[in-house]
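Here is the structure we will look at.
Every chain is numbered from 1 and lettered A, B, ... according to where its sequence line falls, protein lines coming before strand lines.
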Amino acid sequence: MCLAIPGQIQKIHQDTPLSGIVSFSGITKQICLAMVPEAKVGDYVIVHVGFAISILDERAAQASLALLHDPTVTGLIDESSA
Amino acid sequence: MKYVDEFRNPQAVMHLAERIREKTRQPWTIMEICGGQTHAIVRYGLDRLLPSDITLIHGPGCPVCVTPIELIDTACRLARLSHVTLCSFGDMLRVPGTNEDLLTVKAHGGDVRIIYSPLDAIPLAQAYPEREIVLFAVGFETTAPAQAMALLQARRLGLTNLSMIVAHVLVPPAMAAILSSPYHQIQGFLAAGHVCTIMGYEEYEPLCRTYRVPIVVTGFEPLDILEGVYLAVSQLEDGRWTVENQYTRSVKRHGNPEARNIINEVFEPTDRTWRGLGIIEASGLRLREAFRSYDTLEKFRDDIAPLSTISPLPVECQSGQVLQGLLKPIDCPAFASRCTPDRPLGAPMVSSEGACAAYFRYRHQHQPISPKSR
Ligand code: SF4
């Protein structure tokens with residue numbers, strides 16, 4: 001039940017509470033965005049029990065990966081962001 | 001999938017394991033708090049990539065596993081009432097109560113619904129105004145704002161036929177309880193990345209100073225967990241103890257302010273019994289005064305009052321020891337024999353985040369005895 005996974009926002013609806021369509025590798029779901037009101041279409045969010053709980057920070061992710069000093073790792077992130 | 005695949009890269013995993021090996025000069029014992037991390041560690045065999053001097057022990061971080069048996073019994077009793085619809089996450093249905101679990105109640109005609117999100121209870125309350133919709137609210141800080149949002153939405157819509165059994169628990173008080181036990185063996189912690197996504201990590205700083213343990217806020221993918229271990233081992237080898245944040249892509253120092261406000265509006269801290277661990281001060285949440293009309297236990301006081309408050313755990317189940325990291329699941333005498341996911345004796349064998357279930361799923365055929373068990 002504690003599972004929380006990343007997905008990408010595809011659409012935002014201005015309803016109460018704020019919601020949007022989030023894609024998880026192609027499977028889309030209606031998700032509550034009330035906890036991430038600054039989110040934009042295209043952002044990646046961590047989703048837990050139907051709620052986005054954070055907007056993933058791309059620069060922080062790149063920095064973490066770069067810290068591992070492995071060129072194959074940074075290669076992968078370029079591929080998957082294409 | 002972006003933010004997943006790159007954190008599972010096998011070469012980088014091996015590379016990081018090698019760096020941990022280089023760094024480690026003496027034995028260290030590190031506890032990962034969250035059951036999601038336990039699951040990933042056992043699933044990917046990350047503990048086996050580590051040098052034998054590093055022992056990972058599994059913490060109490062499965063909210064399903066620590067929900068007290070009295071609340072399961074209460075939920076079962078309510079679900080048997082003909083005008084009640086009980087909504088719960090799927091994991092809770094197989095958790096054994098004293099005499100039965102929610103799945104048995106459902107099989108006998110009780111209206112038990114598995115929900116994906118607490119908000120799923122709202123359309124049910126709207127569609128069936130003559131029924132009482134009860135939300136079985138279980139979880140850590142990660143889930144608390146979602147439960148709170150469901151109540152805020154119910155209030156906004158003027159729904160009076162929805163109420164909540166609040167079984168929510170908080171992580172830092174449980175860590176303090178474990179650290180103050182004279183038997184604990186923990187030298188460092190991997191804190192739960194999604195709990196900290198909501199709450200931030202300031203609360204961990206006093207724990208770190210008082211007990212002189214490194215605490216590394218850690219994510220859930222293999223590279224996250226190994227990097228968390230690397231940072232913890234580095235601190236231990238250098239004789240330091242601070243709070244470090246490995247999971248920077250999701251966790252900020254102050255957490256998610258919107259989510260924290262939502263929790264604060266609806267809930268306040270209270271003492272709470274943890275299954276297998278006992279009462280821990282200020283380790284749970286209850287509804288604030290303004291929301292008490294949504295409290296199931298108040299609303300159904302007369303239906304549940306005669307319930308005994310002392311329901312013993314099955315004597316065989318060692319879940320209290322497992323949840324404190326004092327025993328590995330495979331060293332429980334009932335593991336995989338009298339206790340299996342099909343016939344669980346204790347909650348850690350039920351939930352997908354439970355340590356016993358993770359070992360059953362990924363380990364028991366291959367490895368009857370843990371090389372690192374203590
Ligand atoms: S294996 Fe079963 S009986 Fe043993 S501690 Fe785990 S849940 Fe309890």
### Query
With respect to chain B, which residue among A:A63, A:G26, A:P37 yields the maximal number of heavy-atom pairs within a distance under 4.5 Å?
A:P37
#### Entry: Any residue meeting side-chain contact (heavy atoms from CB on, under 4.5 Å) with B:I263, in chain and number order, not counting sequence neighbours
B:A144, B:P145, B:I198, B:M199, B:F267, B:L285
### Message
Need one label for A:I55: side chain, backbone, both or neither, based on atoms under 4.5 Å from any heavy atom in chain B.
### Response
backbone
### Query
Got a sec, which pairs hit salt bridge (Lys or Arg N to Asp or Glu O under 4.0 Å) with one end in residues 9-33 of chain A, sequence neighbours left out?
none
### Message
Distance check, rounded to the nearest 0.5 Å: A:S64 atom OG versus B:E6 atom CD?
### Response
10.5 Å
### Minimum heavy-atom distance B:I262-A:M35, with the two atoms named
CD1-CG, 4.0 Å
### Query
With chain A, which of B:A259, B:P257, B:S250 has the greatest number of heavy-atom pairs at distances under 4.5 Å?
B:S250
### Task
Please flag which part of A:L56 lies under 4.5 Å from any non-hydrogen atom of chain B: side chain, backbone, both or neither.
both
#### Entry: A:V45 side chain reached by B:Y3 side chain, heavy atoms, under 4.5 Å
no
## Note on the structure
Heavy-atom closest pair (B:M149 atom, A:P17 atom, distance to 0.1 Å) is CE-CB, 3.5 Å
### Steps toward side chain to side chain contact (heavy atoms under 4.5 Å, CB included) verdict (B:R249, A:I46)
CA-CA 10 Å; B:R249 64 188 183 278; A:I46 292 278; over 6 Å; no
### Query
Any side-chain heavy atom of A:L3 within less than 4.5 Å of one from B:F220?
no
### Query
Do B:T143 and A:H48 come within less than 4.5 Å of each other through their side chains, counting heavy atoms only?
yes
### Between CD on residue B:E258 and CG on residue A:L18, distance to nearest 0.5 Å
10.0 Å
### Query
After noting the C-alpha distance and the side-chain angles of A:I53 and B:T142, does the key distance pass the side chain to side chain contact (heavy atoms under 4.5 Å, CB included) rule?
CA-CA 8 Å; A:I53 59 171; B:T142 324; 3.9 Å; yes
#### Entry: Non-hydrogen atoms of A:C32 and B:L119 that approach each other most closely
CB-CD1, 4.1 Å
### Task
Answer with side chain, backbone, both or neither: which region of B:R156 has an atom nearer than 4.5 Å to a non-hydrogen atom of chain A?
side chain
### Between B:I115, B:T197, B:L16, B:L152, the one whose heavy-atom pairs under 4.5 Å with chain A are most numerous
B:T197
